[in-house]
2 protein chains.
Amino acid sequence: MDEPQSRQACGLTACDHDERARGRLLRAAADVFDRKGYAAASVREIVEQAGITKPVLYYHFGSKEGMLVAILEEGARLFEQAVARALTCPGSVRQRVAALCEEVYSLFRDNVPAVRVAHALFFGPREGLPAFDFTKFERVLRPAITRLVEEGMATGELREAHPEDVSMAINGVIAGCTDQELNPCGTPVGIDGIHRVLDLIFDGLSATHNEKEN
Amino acid sequence: MDEPQSRQACGLTACDHDERARGRLLRAAADVFDRKGYAAASVREIVEQAGITKPVLYYHFGSKEGMLVAILEEGARLFEQAVARALTCPGSVRQRVAALCEEVYSLFRDNVPAVRVAHALFFGPREGLPAFDFTKFERVLRPAITRLVEEGMATGELREAHPEDVSMAINGVIAGCTDQELNPCGTPVGIDGIHRVLDLIFDGLSATHNEKEN
DNA sequence: GTCTATATTATGATAGAC
DNA sequence: GTCTATCATAATATAGAC
């Protein structure tokens, strides 16, 4: 979460200074929102940590809520990019599912503060929250998984089953690894761990394959 | 989350009245904490919803934090019971894993408000939170899964693999289904859904079993 | 664009009567 | 055990000078 996208114009005067204040503010806000939670975070602590004063925050973002929205929008942008990257990857469905999990896992791992903020808001209480479309993440990841699953079934690479169930199983790997990473008493999984778990659910946990088709 | 365990003594006077106030308070607090989040929840709203006044809350629980701890302790108690029930279940490892997922899923489904509160606190920011051992849930579920996995490998029912990876795969099913249930834009999974997903990961997602042992 | 100083409201908690 | 009335503090946000 650094200085993101475009800012309108940027005239002759102290643009660097401006951008630096904005950037420091964004990083400080992500950190404080992560540590204290959005509701419990105070603008006082944010501006103190950023080394500026309150009116600067209100000048750039309009409100405490505006700061949060800026952080979330940047996160959603990175998430979309990561998923898109995985989908254009060549190889079997199994390989592309692995790539998808890898991309998402890496993104999460490299942006733990912002991800924790987003995760907490997504699964946490909705009331009194900013006007941000929190379904965005779900609406990006789910169709990506579904698309891979349907393709895998069409080519015969995947077993015949309810596509939603297969998606759920794959989503479970991502959810499990993510939880493990975000939860403070969990040991990190690592890319290797993700691959081993994926291999397991693709090949099956059982030693003998007593498959009962539904 | 109703009136829980014991209260000291309970003398001659208005015990019913007392217990009713306590119970209403607990339910109201769980609801408000769920809807607004712990930090953003105000004692004013809690007491209004419970139909009593502030001093009653402070008389029974000492503080806003005391209310939260009471809710969490009740939740941890129910969670331990559910896991213990599943472990004493007869049958194959596969059947007992299913029973475990079923128990946890049902408990979550029947106590959505309290579970959302606990989930939000567990994965959310730790600072400024009550003195409650949030690792409890993890410390109960993980060993239970691990025990079943190790037993399954000893008897040859499960494939030879890193036990942590198998645990992670199973945990992923629970995490995925839970997320689906808690997340507002997710469609419920249902007990049947859980069983189908478990069957999938036990038998494998792949149509052809090109197993490469690690 | 950034500051000092302040307005306004809501919070968690309590005194003290009954 | 439950109330009314209130305290002390900290919150978000803004005026207005520079």
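Computation of the quantities below employed the complete heavy-atom set of this structure, encompassing side-chain atoms and omitting hydrogens, waters and symmetry-equivalent molecules. Numbers restart at 1 for each chain; the letters A, B, ... are given by sequence-line order, proteins then strands.
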Got a donor-acceptor contact below 3.5 angstrom from the [X] side chain to the [Y] backbone?
X     : Y     : answer
A:R24 : A:A50 : yes
A:E80 : A:R77 : no
B:K64 : B:A41 : yes

*Can you give one letter per nucleotide of nucleotides 5-11 of chain C, going 5' to 3': B for a protein heavy atom under 4.0 Å from the base, S for sugar-phosphate only, - for none?*
------S

*asked:* Using the rule side chain to side chain contact (heavy atoms under 4.5 Å, CB included), only one of A:V189, A:L100, A:D110, A:V173 pairs with A:Y105; which is it?
replied: A:V189

Just how far, in rounded Å, is [atom2] of [N] from [atom1] of [X]?
X     : N      : atom1 : atom2 : value
A:L68 : D:dT12 : CG    : P     : 13 Å
A:E45 : D:dA10 : CD    : C1'   : 13 Å
A:E48 : C:dT4  : CD    : P     : 12 Å
B:H60 : C:dT14 : NE2   : P     : 16 Å
B:M67 : C:dA13 : CE    : P     : 12 Å
A:L57 : D:dA11 : CG    : C1'   : 14 Å

_Side-chain touch B:I174/B:V104, heavy atoms, less than 4.5 angstrom_ = yes

Closest to the [X] side chain: [options]?
X     : options               : answer
A:V56 : C:dC3, D:dA13, D:dG1  : C:dC3
B:Y58 : D:dT12, C:dT14, C:dC3 : C:dT14
B:Y59 : D:dG1, C:dG1, D:dT12  : D:dG1

*Closer than 4.0 Å, any side-chain N/O of B:T53 to the OP1 or OP2 of D:dT2?*
no

*Charged N to carboxylate O under 4.0 angstrom, B:R147 versus B:E151?*
no

